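None of the values given here were measured: they were computed from a predicted structure. First listed ligand is number 1; within each ligand, the first listed atom is number 1.
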Amino acid sequence: MVCAYRARASKWPAPLFVDPWAEAIAGADGEAIAARLDARFPPMETWLALRVAYLDRLVHSATDRLNVRQVVILGAGYDTRAARIPRAGVRFFEVDHPATQAAKRARLGELRAYPAHAATYVTCNFEREDPIDRLVASGFSATEPALVIWEGVVPYLTEAAVRATATRLAGGLDPRSLVAFDFVGKKLASGDNLTAADQHTRNYVGELGEPIRFGSDDILPLLASCGFRWVRSLDFNELALELLGDYQRERMFRFQHIALAAVRAPDFGY
Ligand SMILES: C[S@@+](CC[C@H](N)C(=O)[O-])C[C@H]1O[C@@H](n2cnc3c(N)ncnc32)[C@H](O)[C@@H]1O
């Protein structure tokens, strides 16, 4: 589904990014899921495009301005950043559940031009294994800074799992590292007092097999208790204003946010 939206956003008249592989990866099944979601939450394409574009820019900032040489994609799914925005001397690590990663690698294997070696693939079942231990076993350095992109994952975890992973990242990464993740508001996660349209969206996501479990309206206290000492969060209206140049109330970006977290303030403002 995400690939289907990336494929569509790549064809915008002024695209925020171009993903040459997304359409083939998504296939008819991906587009069919996206088409059903369109009817329930029309701003989905814009939301995902903004999310992808913003996190791409973060990769550029971290590698170009902070000299970060390791990018970790946690819960990578069908992420293509390693192939789309490679940087000289920068290693991309894709960490995912063994089943998802095997399915992805099989699909990539069908695409002749995809540079499969752009990423180092790290299998990890977050419920049983430690992501940093698994990364280090694959050549990651925990004494060098990293950018960790945790995209499209946090809403589907329990709060305990979010806390456990965030605590491990804060304590186990080099302190110059930056963690970026998207999250949704508390109301969407709890399902209480939602409009009928929002309830439909929430139900559909659950029907796809990944129910929304965690949400927060104020992520700073959680991140502070996990060990982070520098936190920024932004919402998607801010991103739309910056990247698309306008505010449209009907986009209904009430529940989506991105957080940046570090244990030490980065040398320049994000
Ligand atoms: C909704 S997908 C997001 C994929 C991608 N980051 C994106 O934004 O398109 C959630 C990802 O979390 C991973 N995941 C869920 N539970 C996991 C677990 N217990 N261990 C490892 N990965 C898990 C899935 O394999 C999947 O790749």
Side-chain angles (χ1 to χ4, degrees), residues 1-10 16-17 19 21-23 25-27 29-31 33-34 37 41 44-56 58-59 71-85 92-108 119 121-135 138 147-166 168-169 179-184 188-189 201-202 204-215 236 239 256-259:
M1 178 193 81
V2 174
C3 283
Y5 283 120
R6 282 209 307 270
R8 290 193 208 166
S10 298
L16 298 175
F17 59 85
D19 187 334
W21 294 283
E23 189 168 356
I25 299 173
D29 46 346
E31 180 48 46
I33 299 170
L37 191 51
F41 187 58
M44 190 75 187
E45 181 176 321
T46 308
W47 172 35
L48 280 182
L50 290 170
R51 185 172 101 183
V52 170
Y54 176 77
L55 294 173
D56 281 3
L58 209 54
V59 172
V71 177
V72 175
I73 315 281
L74 212 52
Y78 289 78
D79 190 289
T80 54
R81 286 194 178 87
R84 280 191 300 111
I85 49 171
F92 283 75
F93 295 86
E94 292 192 7
V95 187
D96 211 339
H97 191 283
T100 317
Q101 196 168 79
K104 176 193 188 171
R105 295 183 74 176
R107 197 160 264 209
L108 293 184
Y121 297 100
V122 182
T123 60
C124 181
N125 183 339
F126 297 131
E127 284 165 32
R128 291 205 303 263
E129 296 168 301
D130 182 281
I132 296 182
D133 289 350
R134 298 289 301 133
L135 277 160
S138 296
L147 170 66
V148 178
I149 293 180
W150 199 12
E151 181 185 13
V153 182
V154 166
Y156 309 107
L157 303 179
T158 60
E159 180 170 339
V162 174
R163 283 184 180 277
T165 306
R168 184 65 183 120
L169 294 174
V179 177
F181 63 91
D182 57 295
F183 63 103
V184 298
L188 188 64
T201 307
R202 185 176 184 279
Y204 181 60
V205 174
E207 284 163 26
L208 292 175
E210 281 191 302
I212 297 175
R213 292 195 171 94
F214 173 76
F236 277 71
L239 278 184
Q256 301 89 350
H257 313 273
I258 287 186

_Atoms of ligand 1 close to Thr100 [distance to a heavy atom under 4.0 angstrom, numbered from 1]_ = 24 (C), 25 (O), 27 (O)
*Could you name the option among Ala103, Gly152, Cys124 that has the heavy atom nearest to atom 10 (C) of ligand 1?*
Gly152
*asked:* Counting only heavy atoms from other residues, nucleotides and ligands, does the tally under 6.0 Å from CD of Glu23 exceed 12?
replied: no
*asked:* If we ignore hydrogens and angles and just use 3.5 Å, is the side chain of Tyr5 paired with the main-chain N or O of Ala34 as donor and acceptor?
replied: yes
_Option nearest atom 18 (C) of ligand 1 (shortest heavy-atom distance, choices Tyr156, Tyr78, Trp150, Phe126)_ = Phe126
*Below 3.5 angstrom, do we get any N/O pair linking Gly77 and ligand 1?*
yes
*Testing Ile132, Leu135, Val122 for side chain to side chain contact (heavy atoms under 4.5 Å, CB included) with Val72, which one passes?*
Leu135
*Would you mind checking which non-hydrogen protein atom is closest to atom 9 (O) of ligand 1, with the distance to 0.1 Å?*
Val2 CG1, 3.5 Å
*Audit row: Asp29, Arg107, salt bridge (charged side-chain N to carboxylate O under 4.0 Å, His left out) steps and yes/no*: CA-CA 13 Å; Asp29 46 346; Arg107 197 160 264 209; 3.5 Å; yes
*Quick one: nearest non-hydrogen protein atom to atom 19 (N) of ligand 1, plus distance?*
Asn125 OD1, 3.2 Å
*Would you mind listing which atoms of ligand 1 come within a distance below 4.0 Å of any non-hydrogen atom of Glu151?*
3 (C), 5 (C), 6 (N), 7 (C), 8 (O)
*Does atom 16 (N) of ligand 1 have any protein heavy atom closer than 4.0 Å?*
no
_Under 3.5 Å donor-acceptor, Thr100 side chain and Gly77 backbone_ = no
*Taking the six-membered ring of Phe92, is the NZ or CZ of Arg81 close enough (under 6.0 Å from the centre) and on axis enough (within 45°)?*
no
*Once you round to the nearest 0.5 Å, how far does CE of Met44 lie from CG of Leu48?*
4.0 Å
*asked:* Could you work out, for atom 14 (N) of ligand 1, the closest of Thr123, Val154, Asp96 by heavy-atom distance?
replied: Asp96
*Give a yes or no on whether the backbone of Ala83 and the side-chain of Thr80 come within a donor-acceptor separation of less than 3.5 Å.*
no
*Identify which of Cys3, Ala76, Gly75, Pro98 has a heavy atom lying nearest to atom 11 (C) of ligand 1.*
Gly75
*Compare Arg51, Arg6, His97, Glu127 and give the one whose heavy atom is closest to atom 22 (N) of ligand 1.*
His97
